Structures are given as C-alpha cells and as structure tokens.
Amino acid sequence: MLVLLSALLMAGVWGPCQVDSLARHVVETYLRVQLGIKAFDGAHYDEATDHFTAAVNSDAFLLKYIHFAYQDLTVYFVQLFGWDLESLLLTTHQKRCQAFLSVEFKQQCSVLCAANGDSALAANDYDRAIDLYSVIINSNSASDVVFANRSKAKLGKMLWMDALLNAQKLIKLDSLSYLGYNLKHAALHECSRYWTMHLMFRHEVIDAQLDNAPLRVLDTTTGLLCDRETQIGTFKMSMLYKELVSSTITHADLYIAHIKEVVKRYLQCAMLSHRWEGKEPLLQDIQGKSVYDSELDPVGGITKLRSFCRTARDAGYCWAWSDTCCIDKSNNVEVQESVNSMFIWYHHSALMIVYLSDVPPSSKSGGLTRSAWNTRGWTFQEFIAPKVILFYQNNWTLYRNDRTPNHKDSIAIMQEMKDATGIDRPVIVAFRPSMHNTREKLHWASTHVTARQEDIAYSLFGILSVRLHVDYGEKQDRALGRLLQEIVAQSGDITGLDWVGESSEFNSCLPASITLYEAPPCQPPPLSKEEIQTSVSSLRKMGVADFASNLYTRLWNTSAPHFAAQRLHLSCIAFNVTEVRCRVGSPTPESHLMYRVKADGLHDLLITTRETLVKFWPARPTEQRFLLVRPWDWSLLELPDFAELPEPSDYGDDAESEEGYETSPSTPSDDWSGGSSVKQEMPHLESRALQLFVRLGQPFSAFLLMQQRSGEYKRIVMDCDIIGQVQDLVSVGDLMDIRTIEIL
C-alpha cells in the first residue's frame, strides 16, 4: 500500500492529502464489503444491505478510473493484497442486489407468518402460533407486536418462563408498553402457581412416595444406577410430569388422590429375590455403567441382573432393585438404613420377582418346594412382605407356566410354599409385621441360613417390626439376644423365651442359635368353652371368688418384663424347689443327667440336663436356692368373655391402611396400666378372675432357675421342655410367690 501511494504521490497525480484520504477510504470500503458478506451469509439482510450500499457509495471505488492512466496500479493491489477493485466492485453490486431481494422476500414472509400466526392464536392453536411467530423473530424482523403475540401463545401453552422472557423483550423494545407489563404480570403469576404446584409435587407427592422406596434403583430403560435425586430428575423431565403439573394448574379440582396414584405408578419399583451365587455385581462394579453394556463380563451375576432388568422393563416398570448392586456396602450408614427398611421397601414394591436358579423349565410340581431359595435367610421377608410376587425358573420363564398376575393368588404355588416353609397361605398373602406371637415367627425362620451369622437376626427386623443398630462381627447369639431383648422391652412378649438347648452368652434365658426354635412351641391343649364354664361354676360353689379376684389383682399389678444391662427382670409365679436328686441308671444321652425335682405345690418332675446340679433334699439341705417358675404372660389377664371378639392376628385384612409398617411399636408402659381394670364392675371382674384361676390350674411351661452368689438367678439349660402343674390350685395358692426375678 505504501509503495502504491508513494507512486501516486511521486507521479504528481494526487497531493499528500489526497493520498491519505484514498488510503482511508480503501480500507473502510474493504471492511464494509467483508461485513456485508458476513451479514448476508448470516441471513441478516437488512444489515448486509446497509454495508453494501455504503461500500458502493464510497470514494474508494473511484480508483477504477485510475487504471486507465496508470495500468500498473491495479496490479499493485492484486500483488500486494489480493484486492482486485473491479471484481470487488462487481461482487458488492451483486450482493447488494441479492440483499435487497432477500429483505423484500423476508418482509413478505413476515407479513404472511404474522397473519397466519394471529389466526392460529385466535383459534387457540398455540403450537402453530408459536412456530409462526418464531420464524419472524428468527429472521430478525420481529416487531413488538410479534413478541407480544408469542408471549400470549406461550401463556396459552402454559410455558410460563418462555412467556415471561417474551414479555420482557417486548418491554425492552417499548419501555412504556402497557401490554408488555400486563403479559409480564400474568406470566409471573402463573410461574408462582407453577412453582407452588412443583413444590407440592416434590414434598407432598414425590417425596412421600419415595419415603417407602429404596435409596438407589436401576433405570430399566438405560440400565444405569440412579439415586433418588436422579430418579426425581428423570421424572420431572418426563412429559407425564409436565402434563400432570399443567393439568393440576388448569383443573384446581383435580383430586390429590389421583395425582398420587399417577406418581406412584411412575415411580413404582420391581424388586429381585434370589440366592447369591458366585461373583455377584456390586455397586462399584456397575457404577456409571449400564447393565446392558456388552463390555461387562456376561458370566455369573451380571447375566442374572441384566435378565432381571429386562423382565421388569417388559412388565412395564421403569425402576428395578437388587440387593447386590443397589446398596453401597462400604457405607455403614446406608447399610444400617437399608437393613432396617427392607421389609417396608418390599411391602411397597409393585412386584417381587423371585429367580429360582435351581429350578429348570422341565421341573415338575414341587420344584419350588425343593429349591434352595427357601433356605436363604433373607428370602423369608422377601416372599412374605410383598403384595405381588412372581416366581421365575432358571431360564426366566414363569414357574410352571403359571400366568396368574400374582402368584400369591395361585393356590398350587402357595401350597408349595406352605410345604416348604410351614406357613399357611392366609399368612403369606396378608402378613402384617408385629411383635405379637414372636415365638411362631422365630419358628418359621429357624430353618433358614445366612452367609453372615448375624444376618439371621437382622433379616427378622422387619418381620418383627423392630429397628436396631447393625453390628457385623457381633456373632449370632448377641445379634439374636439384642433382637429378643428389644421385643421384650417394647411389647412385653415373652414367647421368645420358649426354647430348649444351649443358652446364649447374652443371657441364660435366651438361645444361642435360632435353630433352637425349630421345635414347635410348648403349648398345652387349650380348654374348651364348656370346660371353662364348668370349672368356673364349680369354683363359685367352692367360695373362692374373693381369693381368685385378689390373685387377679396381684398379677395385674406385676411389672412389665424388661432388660437392664443384659439382665432380664421377669415377672413370674415362683415355686420353691425342695429336692433335687439324680436318678441313677436313667436312659439319657451321653454326658446328660436326669434329675427328680420336687417343688412346693407342684407335681414331681423329671428333667434332663447336661449341667451338673447340686443334689439336696430336706435331710440334706443346701445354701444354693432353686426355683421352678412360670414366666408371667400378662396377656392371660385379657381372657375374652365368650361374646367378645377373638384376639387380633398378624394377618388381618390387608387394607390400604399401612398402619404398623411405619409407626413405632408401643412401649410396655402403654399396656401395663396399673390396676385400672380392677375398677370394672364386680361381676365382670369376678368372671375374668375365675377364668384366669382355671387357666392357672392347667399344665404350663416352666424354667428351672439356680441362684448365684450375687443373688441373681440363672436359667438351667434343659434338653426338653419342663411341664409343671399345680397339685391343687385352691390349697396351694399361698405357696405361689408372685415376684420379679433378675436373671443373668
């Protein structure tokens, strides 16, 4: 450029001022042309027209006349900068014409789109109106009217945030626009309602639904692990969520029950019950990966997990859960919550899928009964807690090709479950967790085994409605001891003390292993209604009503059984042992001894134990004291009059009410009400007292206790139940010592 301008100056064509002006105009013109081309390529035709027009009118293009006088001048531009001014001028004119034509076409299109958009808006066709107005806006030819109308269409479509943005753009174009401020107010109002509904959905509906759901699940569509926040985010991104929120805003009378049902259907989860075999995929193995990923090792548990997810997905469920990978077992807090919540998760699941890896498609009737799945500790709650359950064979086809929607409704399959577990179908179908009749539930669990010995107790937390700390490494007897201790403390149920065998180090009244509950509970045959009525009539004639009422009152005022520092404080009826003799030559197992035991007011007993007892009798007394005791079951005071309803069971009608699954059990203090019952009318009290008196005369399960040097007692381990019976209840009433004994 300097060479070119110097040549013009030396040739005397232009003076210094003309040369300087020429340089400036040439640069400006070139830049104008380049900006015009860029605007044209970006479809900004108005801007392109302005740039090209300015370039055409520039003095720089007067240089086209210079090459007639100085033919080498154009060569300088081409060689130094690649600027061919003639070609540049030609290109500028062409682009300018094209820009003029494009502007005119765009204006015509904008007019047409605006007209069609207005018609669509008037017809409430908001999607079409939004599309047409967006064409105008994207072509950079929108007016304030277009922004106003698109804002209206967005409001009609219930896209509140988009409507607000359009209203704000309208106000930016015209700060005094009354319509703009009206639209902004309307959008803000609807946004406020939207977020109110959004928060309601989150706190009252979604969170409530997930309160009884697992902490982490598998997305059956993607195969990815999702925590609760991810699960909620996926739901909020779905069209279902947007339509539900929108319909709630437009239909204020939409019942919350309907909303909850829709959310429940979307978030409902299918769960897997199976046996752990070989290498199962843990959370760390599939974190951030899809279970459908072909790169994952298809051998072992991953194949099972993949098939489970596909089965759940094909059944219509978005979410699935497996105990292998959906619990972070390295996180102690998560393990604690999971173990204590599993029963509730299972109960609220939409479907429990049971995979029987040892049952082939060719299996005949009885394959389920014989499956090793029945012996796994955790499967107890996995089949008894869910409302809906389906059994699958090892090729992932339905067991026995039974297409009943819920196998709990299949009589044939439930009969197999009864054969395997000993649990009646009504219990399996409608079980409700509680601490009532603990002994029966322990009997059901007694044949199950777990890989970790503590799990045999932890797997019963939900069954018995207990929440406790999980402490792997404490061993089975302590874990079971803590569980039974909690049951006694919260409910007063002492049926779990009914066992024979080796005692726990936790407390001598508790068993060392759950297998000791395999034998059925010791329950003397109950008296019939007629037998009780006959006995009550006889007792009335004997004039023992006052004595019976006094005994009833004393037993009513006994304290609740409880543990303190692993010592059991047990209310009982105690009988003093007066004689213990070893029976020589008795046919007993090796290392076991048989003893004859006498106690005040009781028939003589024969007992077998592996412990060596101190032998004594009246002529040979001992300082060590022995007691035969009847543990006091306070529920005996609630003897029903025959017109009353029977005692409630664990498996009543499974209505929609979930009471008992989330509420904490009552404490003994709620049940032991002092002597309030004694304030009943005398005939009613007398009737109950005489019925109790009859029951106390029946055989009962007894403990033999031996006093320790510190004054507490210890239960003697027996090889069979001790069944005691009073000789004559009326005559030995004073020999019954109603007391609370501390047992180590």
Side-chain angles (χ1 to χ4, degrees), residues 343 374-385 417-424 427-428 431 433-466 468 474-524 561 563 566 568 570 608-610 630-631 633 635 649-651 700-704 715-723 743:
F343 189 96
N374 286 299
T375 65
R376 179 175 171 262
W378 289 100
T379 59
F380 183 13
Q381 64 175 351
E382 289 171 4
F383 77 80
I384 208 167
M417 286 303 302
K418 180 181 179 180
D419 295 341
T421 65
I423 306 175
D424 291 333
V427 181
I428 298 175
F431 179 84
S434 76
M435 301 176 196
H436 173 68
N437 201 359
T438 297
R439 178 62 171 79
E440 184 177 32
K441 300 179 179 73
L442 294 170
H443 171 63
W444 293 337
S446 62
T447 57
H448 291 251
V449 294
T450 55
R452 303 195 68 165
Q453 56 179 291
E454 299 89 352
D455 277 341
I456 199 62
Y458 301 160
S459 65
L460 294 174
F461 285 0
I463 298 285
L464 296 164
S465 192
V466 170
L468 285 175
E474 64 177 334
K475 307 304 179 185
Q476 180 184 165
D477 66 338
R478 180 171 178 80
L480 187 59
R482 287 196 301 115
L483 173 62
L484 296 172
Q485 170 184 268
E486 189 70 10
I487 291 169
V488 171
Q490 290 196 34
S491 70
D493 186 295
I494 59 171
T495 59
L497 306 183
D498 182 2
W499 55 272
V500 293
E502 183 181 354
S503 63
S504 168
E505 294 181 4
F506 188 88
N507 185 277
S508 65
C509 273
L510 302 180
S513 169
I514 199 169
T515 58
L516 300 182
Y517 290 113
E518 186 172 355
C522 178
Q523 295 178 338
F563 278 86
Q566 297 183 204
L568 173 61
L570 181 66
T608 303
T609 177
R610 67 192 66 184
R630 175 176 187 160
D633 183 357
S635 65
S649 67
D650 289 318
Y651 46 91
F700 62 89
S701 178
F703 297 165
L704 178 61
R715 181 177 175 178
I716 303 299
V717 173
M718 294 293 154
D719 295 325
C720 59
D721 291 305
I722 301 177
I723 305 299
I743 305 174

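Here the structure is a predicted model, which means the values were calculated and not measured.
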Could you check if a side-chain atom of [X] sits within less than 4.5 angstrom of a side-chain atom of [Y], using non-hydrogen atoms only?
X      : Y      : result
Trp444 : Val427 : yes
Leu480 : Ile456 : no
Asp498 : Asp721 : yes
Thr379 : His448 : yes
Pro631 : Phe703 : yes
Glu474 : Phe506 : no
Leu483 : Phe461 : yes
Arg478 : Gln566 : yes

* **Salt-bridge present (Arg376, Glu382; N to O < 4.0 Å)** =>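 Judged by the 4.0 Å cut-off on N to carboxylate O distance, Arg376 and Glu382 do form a salt bridge.
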Distance-only, no hydrogens or angles: does the [X] side chain make a donor-acceptor pair with backbone N or O of [Y] under 3.5 Å?
X      : Y      : answer
Thr609 : Val717 : yes
Tyr458 : Trp378 : no
Asn507 : Cys509 : yes
Gln476 : Ser513 : no
Ser508 : Arg715 : yes
Ser465 : Met435 : no

Shortest non-hydrogen contact from [X] to [Y]?
X      : Y      : value
Val466 : Ile487 : CG2-CG1, 4.1 Å
Ala445 : Leu460 : CB-CD2, 3.7 Å
Ala512 : Ser503 : CB-O, 3.6 Å
Pro521 : Arg439 : CB-CG, 3.6 Å
Gly492 : Pro561 : O-CG, 3.8 Å

Nearest 0.5 Å please: distance from the [atom1] atom of [X] over to the [atom2] atom of [Y].
X      : Y      : atom1 : atom2 : answer
Phe431 : Ile463 : CZ    : CD1   : 4.5 Å
Gln485 : Gln490 : CD    : CD    : 11.0 Å
Gln453 : Asp477 : CD    : CG    : 8.0 Å
Ile423 : Ile384 : CD1   : CD1   : 4.5 Å
Leu516 : Leu442 : CG    : CG    : 11.0 Å
Phe700 : Asp633 : CZ    : CG    : 13.5 Å

* **Pair listing, salt bridge (charged side-chain N to carboxylate O under 4.0 Å, His left out) test, anchored in residues 506-519, at least two apart** =>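 Counting only pairs at least two positions apart or across chains, no salt bridge (charged side-chain N to carboxylate O under 4.0 Å, His left out) contact touches residues 506-519.
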* Asked: Taking it one step at a time, do Glu505 and Lys475 satisfy side-chain contact (heavy atoms from CB on, under 4.5 Å)?
  -> CA-CA 11 Å; Glu505 294 181 4; Lys475 307 304 179 185; over 6 Å; no
* Check the pair Leu484 / Phe563 against side-chain contact (heavy atoms from CB on, under 4.5 Å), numbers first and verdict last. => CA-CA 10 Å; Leu484 296 172; Phe563 278 86; 6.0 Å; no
* To do: Starting from the C-alpha separation in whole Å, work towards a yes-or-no answer on side-chain contact (heavy atoms from CB on, under 4.5 Å) for Leu497 and Leu510.
  => CA-CA 6 Å; Leu497 306 183; Leu510 302 180; 3.6 Å; yes
* For Asn374 and Met417, run side-chain contact (heavy atoms from CB on, under 4.5 Å): C-alpha distance rounded to whole Å, both residues' side-chain angles, the deciding distance at 0.1 Å, then the answer. => CA-CA 8 Å; Asn374 286 299; Met417 286 303 302; 3.8 Å; yes
